[in-house]
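This report refers to the structure that appears directly beneath it.
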Amino acid sequence: MSSVKPSVYVTRRVPLPGKEILATECNVTQWDQDDPVPRDELLRQVKGKDGIFCLLTEKIDEELILAAGPQLKVVGTMSVGYDHVDLAACKKHNIKVGFTPGVLTNAVAELTVALLLTTSRRLKEAMAEVVNGGWGTWKPLWLCGQGLDGATVGIVGLGRIGLTVGKCLKPFAVQKFLYSDAFENPGAAEIDAQRVPLDELLANSDFVLACCALTPETREMFNKDVFKKMKKNAIFINTSRGGVVQQDDLYDALKSGEIGAAGLDVTVPEPLPTNSPLLTLNNCVILPHIASATDKSRSSMSELTARNILAALNGEKMPTQVRID
Ligand code: DGY
């Protein structure tokens, strides 16, 4: 690095390690708040910066790159998903992009399992009944849900997270894992998962888990045609991005009994408006995008983001760089 310290803008209050690591070699300015920086302020603040430490809530597009100026070398996003980053614009302006795979895999997988069980065993309804006086006595037919014992689990997108979810679910006596993905994952052998066409997965799975990235190909792929192909009692779980689901179609499928239930950690938009029809459904569990929210995971994400940025500024290999083709 030259004797003039590079400057980095951090777009939010983030776990300490990231900021501390950056501060050893850079001048750091920060939007020191828990809510997102307004777009016009962001565009002002990035001017003249060499690096940007951002979150999934900031749109990194050509407008922002031009607002920053030609010295901008790197954008590090504190997330494994990077659908908010215009990779073509980054490539055009020779900007490296870092992301945070690996360090949140276990946290996301754990939350996916928690959401799946909450949804399939009807815990939202059950907890409400305890509070609202609906709990009369022990009743054989009351609040029965679906178990994983003997079930077929279909994973759409068997990357790091999808595979880890599979490994976590295996001890629940799952009978069969299916997956659909553009690529074969050799790790699938660890859970005896069989790669099948999407339609076959949909027709045979009791649980359908969206673990794929949001891309032009996966945007709204879970739509009415896809819900129609699922089993009537299918439980649909999404911890990837809300954009992979056509939400009106999901509402119709849940309301009409086309599918059994859904658990969502991600929606469009976020936050989901409190008058969303999805919130009126007993068979829909919604969490506020907390899959990676453990202290350990968030701290590691912050640290890795800073290390990516420093490496790029120093002309070194970034620990985890997004490949831009
Ligand atoms: C990510 O990292 O992309 C997650 O959605 C954040 O939890």
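Atoms within each ligand, like the ligands themselves, are counted from 1 in listed order.
Under the 3.5 Å distance criterion, the side-chain polar atoms of Gln33 are left unmatched by any main-chain donor or acceptor of Asp35. For Arg12 (side chain) and Asp34 (main-chain N/O), a donor-acceptor pair under 3.5 Å exists by modelled atom type.
Only side-chain heavy atoms of His289 come within less than 4.0 Å of ligand 1; its backbone N, CA, C and O stay farther off.
Listed here is the closest heavy atom pair of Ser299 and Pro17: OG-CG, 3.3 Å.
The cluster map of Ile, Leu, Val, Met, Phe, Trp and Tyr, joined by side-chain heavy atoms under 4.5 Å apart, puts Phe236 and Val113 in different clusters.
One finds a salt bridge joining Glu63 and Arg39 here, because a Lys/Arg side-chain nitrogen approaches an Asp/Glu carboxylate oxygen to under 4.0 Å.
In summary, the atoms of ligand 1 found under 4.0 Å from a heavy atom of Ser79, numbered by their order in the structure, are 1 (C), 2 (O), 3 (O). Residue Leu56 has at least one heavy-atom neighbour below 4.0 Å for each of these atoms of ligand 1: 5 (O), 6 (C). The Leu104 neighbourhood of ligand 1 comprises atoms 2 (O), with distances under 4.0 Å to a heavy atom of that residue.
Ligand 1 has a nitrogen or oxygen under 3.5 angstrom from a nitrogen or oxygen of Arg241.
In terms of protein heavy-atom proximity, atom 6 (C) of ligand 1 is nearest to Ser292 OG, 3.5 Å. Remark: minimum distance from atom 1 (C) of ligand 1 to any protein heavy atom is reached at Val80 N, 3.4 Å.
Under the salt bridge (charged side-chain N to carboxylate O under 4.0 Å, His left out) criterion, Asp192 pairs with Lys170, sequence neighbours left out.
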